[in-house]
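Read the numbers this way: they start at 1 and go in the same order the structure lists the ligands and their atoms.
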Amino acid sequence: MSGDTTMFHGLSGKTRSDGPASAEIERRGGAGVRETKDTAMLFPEDAVRFWGEQAEALVSWSEGWSSVLSGEKEMSSVRWFDGAKLNVAYNCIDRHLARGRKNKAALIWQGDCNDDVRVFTYQMLHMEVSRFANVLKKYGVKKGDRVVIYLPMIPELPIAMLACARIGATHSVVFAGFSAVSLRQRIEDCGARLVITADHVVRGGKVLPLKTHIDQALSTLSQVLNCIVVKRGDGDVSMQEGRDLWYHREINCIDILPECEPEEMAADDPLFILYTSGSTGKPKGVVHCCGGYLVYTLYSCQYVFALHEDDTYWCTADIGWITGHTCTVYGPLGLGATTLMFEGIPSYPGPDRFWQIVEKYGVSIFYTAPTVIRALMRYGNEPAEIHDLSSLRILGSVGAPLNTDAWKWYNTVIGQELLPIMDTWWQTETGGIMISSLPELGGGQGCAGGKPLPGVDAVILDENGQEASVGVTGSLVIRHPWPGMLTGLFGDGREYLVNYYQKFPGMFFTGDSGCRNANGCLAITGRLDDVITISGHRIGTAEVESALVSHTSVAEAAVVAMPHPVKGQAIYAYVSVKDDVGQDDQLIEELKSHVRKQIGAIATPDVIQVAGGLPKTRSGKIMRRVLRKIAAKEYNDFGDTSALADPSIISDLIACRKNEA
Ligand code: WTA
């Protein structure tokens with residue numbers, strides 16, 4: 001950006017945004033009273049005006065748009081806020097400095113150990129992000145370059161993201177639980193020349209190596225010129241001369257200027273790539289752009305959580321997933337709120353850790369996943385009861401269907417039957433929350449799923465593309481563009497169209513199934529594709545299968561989801577081994593550890609059944625529904641199995657399943 005950053009202060013005075021305090025959709029009242037908008041009136045004519053108003057109210061632009069939405073003929077190629085310019089880091093930091101938030105806590109970081117706390121005011125965040133942005137520039141990172149960030153939950157993670165956003169580099173955060181192989185795949189796919197990591201991860205009282213994964217990933221990848229390493233642990237790590245640099249040394253370099261002008265970005269310049277699982281073996285690089293993503297992120301966070309100036313907002317998701325991108329970093333900081341970030345795990349040092357943190361910081365908005373609620377429920381009520389949770393105002397849930405038992409516990413033990421519970425449905429691809437059980441939308445308490453936010457045209461369609469009747473399960477589809485929609489899959493235009501726009505031409509297919517109840521609430525029931533949601537994280541069955549068959553003993557593998565009381569779903573793998581391979585417990589452990597090394601711990605199969613054969617049709621297709629039923633211990637009603645080449649395989653698989661613990 002040339003010269004004066006004051007140009008970001010708005011569209012020649014047109015922008016009214018002042019974060020939560022004066023945004024048009026500011027809510028009043030303790031639990032967040034929202035104006036009810038009639039969603040029906042928004043399509044299609046008023047939607048464009050609506051999004052234009054939100055964009056003006058919530059985001060500071062250095063240049064206005066020539067059109068809010070263009071290229072409407074094809075939903076897959078629409079452009080939001082054509083011609084407009086902005087900088088996302090400016091919106092998340094700089095503009096708050098002049099709005100009385102200079103000394104407000106932007107980021108509160110609670111380390112794994114209770115005494116380990118770091119707080120960044122907006123001013124301090126400005127300094128740290130600017131300095132690190134200058135480090136990136138020093139090592140040649142320019143607008144449009146991709147930077148991979150492989151960091152645990154430490155403040156340098158959002159700092160690195162915002163530093164990239166400041167200079168216009170596209171970040172791709174890789175969850176620190178992914179293995180070296182997964183990391184390498186992502187670095188290679190996005191063509192990053194600089195990566196950011198830490199020496200160690202500190203979690204649950206343990207110090208685990210992280211830098212070694214980068215070393216392994218880069219050992220066969222020459223494209224990466226520099227690796228910046230944050231010091232988190234005490235142990236030694238090997239640093240490759242000329243390539244590896246310590247974060248703390250670089251940032252303290254005297255020749256690094258503290259100021260860094262925010263780069264002026266077009267609304268449709270990419271902000272980040274986030275890899276997620278789909279039905280193929282290769283993860284998809286979902287691309288989000290600066291303008292649309294920021295507008296939708298701020299809109300959805302503000303609408304659902306009704307942020308107040310003094311809220312302490314805690315989203316427990318790891319920033320390596322979209323929930324953390326949107327709800328820990330860009331949403332709350334863009335709105336000028338205080339976001340809390342936690343390095344550790346819910347059970348360390350005791351099962352009350354989360355509630356101790358809520359009490360310690362007076363958390364008012366708590367946003368987590370059903371799997372976390374179910375895990376915490378198992379410890380009983382006492383861990384929550386010994387803490388003062390009266391600061392809580394809103395509870396939220398995301399990532400998987402919120403089952404009734406989990407909802408009831410959340411409502412009674414944590415919410416004291418007083419707090420609204422927002423179930424929220426969305427995806428990496430949607431950028432922000434799309435469906436919520438907000439009482440104001442008519443979702444109501446106890447409703448899983450909910451209603452689309454104003455401006456979101458989500459419906460359940462049957463196979464013929466007609467709206468499914470009440471109670472009938474169908475595909476969840478978005479019929480009209482929204483600003484947070486992904487703009488593509490990195491380097492793969494064809495897969496983008498096939499994945500999202502082929503099943504229902506001209507509409508966005510989410511990959512999820514659901515049904516509508518009599519109140520118009522949409523209950524989301526699960527994936528229609530071969531994706532498993534484990535503890536709220538997406539893993540493609542094809543990814544796990546290709547990891548398994550890459551082991552020398554495995555001839556063939558088929559992976560399905562099985563129900564799990566805490567994780568929601570878990571991985572059940574059927575493998576057939578090569579003729580000369582013996583079948584024993586050691587092989588199963590070896591295969592589990594092989595998958596861990598190939599993908600990461602979250603993809604480890606809970607059960608591996610070594611099968612004599614897989615149920616295949618005469619044309620060679622594996623009949624997965626049979627495998628899913630056996631994994632779920634449902635042994636009747638397999639439907640039509642006449643196409644199977646060898647139906648006797650089913651009884652062998654059942655016998656083997658019955659023998660398992
Ligand atoms: C599932 C996470 C039921 C769904 C933000 C979706 C849900 C996938 C819910 C996206 C919910 C998310 N109820 N299912 N409230 N929220 N899902 O991309 O299958 O990591 O497609 O984004 O999680 O996972 P992703």
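Salt bridge present: Asp189 and Lys282 bring a charged side-chain N and a carboxylate O closer than 4.0 Å. A salt bridge is absent between Lys284 and Glu543; no separation between the charged side-chain nitrogens and carboxylate oxygens falls under 4.0 Å. With salt bridges taken as basic N to acidic carboxylate O contacts below 4.0 Å, none links Glu417 and Lys408. Using a 4.0 Å cut-off between charged nitrogen and carboxylate oxygen, Glu429 and Arg538 count as a salt-bridge pair.
Atom 16 (N) of ligand 1 has Gly399 N, 3.1 Å as its closest protein atom, hydrogens excluded (heavy atom only). Nearest protein neighbour of atom 24 (O) of ligand 1, counting heavy atoms only, is Arg538 CD, 3.1 Å. Of the protein's heavy atoms, Thr428 OG1, 2.5 Å lies nearest to atom 18 (O) of ligand 1.
The closest donor-acceptor contact from the side chain of Trp109 to the backbone of Met153 lies under 3.5 Å. Listed for the Ser397 side chain is no donor-acceptor partner under 3.5 Å among the backbone atoms of Leu402. Not a single donor-acceptor pair under 3.5 Å links the side chain of Arg516 to the backbone N or O of Cys521.
The distance criterion of under 3.5 Å between nitrogen or oxygen atoms is not met by Thr323 with respect to ligand 1. Backbone and side-chain nitrogen or oxygen atoms of Thr510 are examined, and none is located within less than 3.5 angstrom of a nitrogen or oxygen of ligand 1.
Among Val398, Thr276, Thr424, Ile532, the residue whose heavy atom lies closest to atom 15 (N) of ligand 1 is Thr424.
Of all the heavy atoms of Asp512, the ones lying under 4.0 Å from any atom of ligand 1 belong exclusively to the side chain. At a 4.0 Å heavy-atom cut-off, ligand 1 touches Gln427 through backbone and side chain alike. Both the backbone and the side chain of Pro401 come within contact range of ligand 1, each with a heavy atom under 4.0 Å.
Under the side chain to side chain contact (heavy atoms under 4.5 Å, CB included) rule, Phe509 has a single partner from Leu528, Leu461, Leu476, which is Leu528.
Under a 4.0 Å criterion applied to the non-hydrogen atoms of Asp423, ligand 1 contributes the atoms 15 (N). For ligand 1, the atoms closer than 4.0 angstrom to any heavy atom of Ile322 are 2 (C), 5 (C), 22 (O).
Arg186 forms a cation-pi arrangement with Phe178, by the criterion of a distance under 6.0 Å to the ring centre and an angle within 45° of the ring axis.
For the pair Trp426 and ligand 1, a heavy-atom separation below 4.0 Å is found. Within the 4.0 Å heavy-atom shell around ligand 1 one does not find Gly449.
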